[in-house]
Amino acid sequence: MPELPEVETIRRRLCDGRAGCPRLVGRRIEGAWVGWARTLAEPAPPVFRRRVRGQTIERIERRAKHLLLGLSRDTLMIHLGMSGSLHLRRGRDRGATPRVRTRIHRVAEDPVRYCRLSLRLGDGWRLDFDDPRKFGRVRLVSDPTPVLRDIGPEPLSRGFTAAVLAARLRDHRRALKSLLLDQSFVAGVGNIYADEVLHRAGLHPRLRADRVTPAQARALWRAVRAVLREAIRWNGTTFDQVYGEGDFQRHLRVYQRTGRPCRRCGTPIRRIVVGQRGTHFCPRCQVGSPR
DNA sequence: CACGAGACCTGTTCGC
DNA sequence: TGCGAACAGGTCTCGT
C-alpha cells in the first residue's frame, strides 16, 4: 500500500492512535526483534537492538515515501517498499511466538507470518513491520538527511509550483510516466498515482518531458496536487481486504481498469508497458503520444 | 550524466 | 486440476 497518500495516511494514524491502540508518540521502545536481516538496512541487527532500546518516540513525520520516527537520539526510517505494512499488536513478543507449522499456509491463518521486524513498546504492545516481498527497509540513523538527499520536491509543498515543474520538465527527454516515478524528480508518486495523474492531466504516458507545453505543464501540476490531495482525503488506495480502509480505489480512473470504459469518454482503457511498469491510460483523452 | 534493463522477493492470478 | 507464465503499490545497481 505504499505511495505518498498511503504513507501519509499511516503517519496520521500512528500520530492519532486508533480505537483500542495506543498513540505511538511518547512511547518508549523496550526492545527489538529482527526476523529478516536485510529488512534492516543499517546498522547491523545487534547494534540496532542495543541502540534502539530505551529511546522514546517523540514525533512521526514523512518525506516522500519514507516514514520518519523521531526518537530521543536517532531517527528510525521506515520505507514500506512494495508490500510493507505496520501493525500495532498486543500479545506475546513476536520473537517468542512459536512457529505453528500447519499443512496449508494461508495468510489469514497466521497474521504474523510476514513480520520481518518488531519493536517492543511496553504494556504488551508492539509495532510490527510486515512485508511479504521483503522490499521494505528500516534504518536507524543519527541523521536522516543523507538518505533523503537526492529526493525531489514534495508535491504538496508550497515550493512545488507550476513554474518549478515546467522548468524541471525541460531538463529531461524521458517519457512522462518514467519521470513521475523517479523520486529525484518529484517525491512520493508511484505507479498508481502516476497513471491517475496523467489521465487527469490528459497527457499520454509516453509523452517526452521536454515536449510538454507550458499549458500542459500547468495541467500536470494541477493534476499531481489534486490527485494526491484527494487520495489522502480518502485514506489512500488499498486492495487489501484486511485493512480495506483506503477508499481511493473507488475513484480510480485508469489504474487496473484495463478494457473498462474511460469514465470521461467511454473509450476502453488500455494497458501498455512504460519503463517496465504496467501503465494504464485512455487512448482518446490522453494526447501527445510519439508517432 | 540520463536512461533503461536486471535484480531483489513472495504471492496470486491467468492461460493453456 | 495442474503447471508455468505473467503480474503486483519500489528502489538499487550496473552498463551504455
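A quick note: this is a predicted structure, and the numbers were derived from the prediction, not measured.
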Spacing of Arg277(A) atom CZ and Asp195(A) atom CG [to the nearest 0.5 Å]: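 It is 9.5 Å, given to the nearest 0.5 Å.
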To the nearest 0.5 Å, how far apart are CG in Leu76(A) and NE2 in His66(A)?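 One finds 12.5 Å between CG of Leu76(A) and NE2 of His66(A).
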Nearest-Å distance once atom [atom1] is located in both [N] and [M]:
N       : M       : atom1 : result
dG4(C)  : dC9(B)  : P     : 22 Å
dA5(B)  : dC7(C)  : P     : 15 Å
dG11(B) : dC12(C) : C1'   : 22 Å
dA5(C)  : dA7(B)  : P     : 16 Å

For [X] and [N], give me the distance from atom [atom1] to atom [atom2], rounded to whole Å.
X         : N       : atom1 : atom2 : result
Met82(A)  : dC7(C)  : CE    : C1'   : 9 Å
Leu180(A) : dT11(C) : CG    : C1'   : 16 Å
Leu252(A) : dA8(C)  : CG    : P     : 14 Å
Asn191(A) : dA8(C)  : CG    : P     : 7 Å
Arg149(A) : dC12(C) : CZ    : P     : 12 Å
Arg38(A)  : dT13(C) : CZ    : P     : 11 Å
Leu80(A)  : dC9(B)  : CG    : P     : 18 Å
Arg133(A) : dA8(C)  : CZ    : P     : 10 Å

Mark yes when over 12 heavy atoms from residues, nucleotides or ligands other than Arg270(A) sit less than 6.0 Å from its CZ; otherwise mark no.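 Result for CZ/Arg270(A): open.
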Please tell me if [X] has a side-chain N or O lying less than 4.0 Å from either OP1 or OP2 of [N].
X         : N       : result
Gln183(A) : dT11(C) : yes
Tyr255(A) : dG9(C)  : yes
Arg271(A) : dA8(C)  : yes
Arg277(A) : dG9(C)  : yes
Lys65(A)  : dG10(C) : yes
Arg174(A) : dA2(B)  : no
Arg137(A) : dC8(B)  : no
Tyr114(A) : dC9(B)  : no
His172(A) : dC3(B)  : yes

Assigned partner base of dG9(C), Watson-Crick or wobble definition, under 3.5 Å: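 Across any shown strand, dG9(C) pairs with none.
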Would you mind pulling out the nucleotide paired to dC9(B), Watson-Crick or G-U wobble, both distances under 3.5 Å?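 In the structure as shown, dC9(B) has no Watson-Crick or wobble partner.
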Can you see which heavy atom on Arg23(A) is nearest to which on Cys15(A), and at what distance?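 Of all heavy-atom pairs spanning Arg23(A) and Cys15(A), the closest is NE-O, 2.9 Å.
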Arg168(A) charged N/C atom sitting above Phe185(A) aromatic ring, 6.0 Å / 45°: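 Ring-cation test returns yes.
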Pick the nucleotide of DNA chain C nearest each of His280(A) and His66(A); which residue has the one closer to the 5' end?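 With His280(A) and His66(A) compared, the 5'-side residue is His280(A).
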Hydrophobic cluster membership, with links at side-chain heavy-atom distances under 4.5 Å among I/L/V/M/F/W/Y: are Leu179(A) and Leu181(A) in one?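 Leu179(A) does not cluster with Leu181(A).
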Can the ring centres of Phe248(A) and Tyr255(A) be said to be less than 6.0 Å apart?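 Judged by ring-centre distance (under 6.0 Å), Phe248(A) and Tyr255(A) do not meet the cut-off.
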Are Phe135(A) and the base of dC8(B) stacked, counting only ring centres nearer than 5.5 Å and planes tilted under 30°?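 Yes; by the centre-distance and plane-angle rule, Phe135(A) counts as stacking on dC8(B).
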Has the side chain of Gln276(A) got a donor or acceptor that lies under 3.5 Å from a partner of the other kind on the base of dG6(B)?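 A donor-acceptor contact between them is present.
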Please determine, for the side chain of Glu6(A), which listed nucleotide (dG9(C), dC9(B), dG6(B)) has the closest atom?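 Nearest listed nucleotide: dG9(C).
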